[in-house]
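Computed from a predicted model, the values in this text were never measured in an experiment. Side chains included, hydrogens not; waters and symmetry mates left out as well; all remaining heavy atoms used.
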Amino acid sequence: MTTKANSPVTAGSIVVPLGHVIGNEKWRGSELAQRLQGKVRLIFEDGLGLVDFHLPNRTCILLISEADLVAGDEFKRRLVKFRNASSLRGIVIVEKTPISDQYYLGVQKLVVLELGMVLLPVANQGEASQLIIQLVREQSRDRGSNPFVGRQRGRPAEPAVLQALQRIPGVGRTKALLLLQRFGSIHRLCNADSHELEQAVGSTAAQQIYTFLHS
């Protein structure tokens with residue numbers, strides 16, 4: 001158990017089936033886990049190391065809670081260690097609340113500018129669960145499932161995605177809707193280049209979004 005806990009990429013060789021999520025045991029019984037149940041197939045495992053949730057297609061979630069932000073710098077060491085040791089695609093979800101807001105700019109600078117990872121802000125664990133559900137469903141659609149079924153299933157998660165996008169500097173509800181209309185998913189938005197973003201929302205907003213997500 002000790003060896004597993006010290007490994008940041010313990011589950012890196014695990015193939016996560018489409019529609020499934022492998023969750024770190026520490027999240028069992030949490031509000032986040034309860035909201036995922038019934039929407040995706042959630043399996044808990046010990047020894048995931050630095051990762052909170054493994055998704056299909058070698059994608060993983062590192063979740064920084066309000067408590068993590070207030071407690072100190074341990075979460076920063078976790079992110080740096082993951083980035084240096086793992087070849088997996090890491091998405092950082094951070095709870096941006098009135099209490100943790102004062103720490104958010106520092107997290108954004110570390111995650112986006114220094115580590116080059118994707119950062120998605122949420123207001124609470126419920127919103128985080130909706131983003132994870134959306135990501136899992138997007139990956140299922142990308143594998144050639146019926147696109148009409150995919151869109152229908154994805155609808156319940158869209159409000160959470162819109163809220164997250166509106167926390168990006170320069171993005172209000174209108175631009176968030178334009179981005180979702182053009183790219184269709186968080187994955188495609190995160191992989192878009194500045195020119196593609198510019199075609200959707202104009203040059204100024206495109207630069208802000210690109211810097212926020214990719215710089």
Next on the checklist: Would you say that V107 contacts F75 through its side chain, given a criterion of any heavy-atom pair below 4.5 Å between the two side chains?
Outcome noted: yes
Checklist entry - Do I22 and F44 come close enough that some side-chain heavy atom pair is under 4.5 Å? => result no
Next on the checklist: Are more than 12 heavy atoms, taken from residues, nucleotides or ligands other than R41, located less than 6.0 Å from that residue's CZ atom?
Outcome noted: no
Next on the checklist: Do I64 and V80 sit in one hydrophobic cluster, given that two such residues count as connected whenever their side-chain heavy atoms are within less than 4.5 Å of each other, even indirectly?
Outcome noted: yes
Could you list the donor-acceptor pairs under 3.5 angstrom formed by side chains in residues 91-100, with sequence neighbours left out?
from : atom 1 : to   : atom 2 : distance (Å)
E95  : OE1    : E66  : N      : 3.1
K96  : NZ     : D101 : OD1    : 2.9
T97  : OG1    : E66  : OE2    : 2.5
T97  : OG1    : I99  : N      : 3.3
T97  : OG1    : S100 : N      : 3.1
T97  : OG1    : S100 : OG     : 3.1
S100 : OG     : E95  : O      : 2.7
S100 : OG     : T97  : N      : 2.9

Checklist entry - Between Y104 and L119, which heavy-atom pair has the shortest distance, and what is it? => result OH-CD2, 3.5 Å
Checklist entry - Do the side chain of Q37 and the main chain of Q34 share a donor and acceptor less than 3.5 angstrom apart? => result no
Item to check | L135 side chain reached by T59 side chain, heavy atoms, under 4.5 Å | outcome: no
Checklist outcome for this item: Here the salt bridge (charged side-chain N to carboxylate O under 4.0 Å, His left out) pairs for residues 27-37, sequence neighbours left out, are E25-R28, E31-R35
Checklist outcome for this item: Between C60 and F82, the two heavy atoms sitting closest are SG-CZ, 3.4 Å
Checklist entry - Do the non-hydrogen side-chain atoms of V40 and H20 ever get within less than 4.5 Å of each other? => result no
Next on the checklist: Which heavy atom of A33 sits nearest to which heavy atom of G29, and what is that distance?
Outcome noted: CB-N, 4.4 Å
Checklist entry - With no hydrogens and no angle check, is any side-chain donor or acceptor of R78 less than 3.5 Å from a backbone partner on L50? => result yes
Checklist entry - Can you name the nearest heavy-atom pair linking V136 to P56, along with the distance? => result CG2-CD, 4.4 Å
Checklist entry - What's the shortest heavy-atom distance between L179 and A200, and which atoms? => result CD2-CB, 4.3 Å
Item to check | K175: partners by salt bridge (charged side-chain N to carboxylate O under 4.0 Å, His left out), with sequence neighbours left out | outcome: none
Item to check | Modelled atom types, side-chain donor and acceptor of Q207 and S203, under 3.5 Å | outcome: no
Item to check | Crowding at NZ, K26 (>12 non-hydrogen neighbours, <6.0 Å) | outcome: yes
Checklist entry - Does L63 share a hydrophobic cluster with I43, counting links as ILVMFWY side-chain heavy atoms below 4.5 Å and allowing steps through other members? => result no
Checklist entry - Is the side chain of D52 donor-acceptor paired with the backbone N or O of G23 at a distance under 3.5 Å, no angle test? => result no
Next on the checklist: Quick check: closest heavy atoms across G116 and R83, and the distance to 0.1 Å?
Outcome noted: O-NH2, 4.4 Å
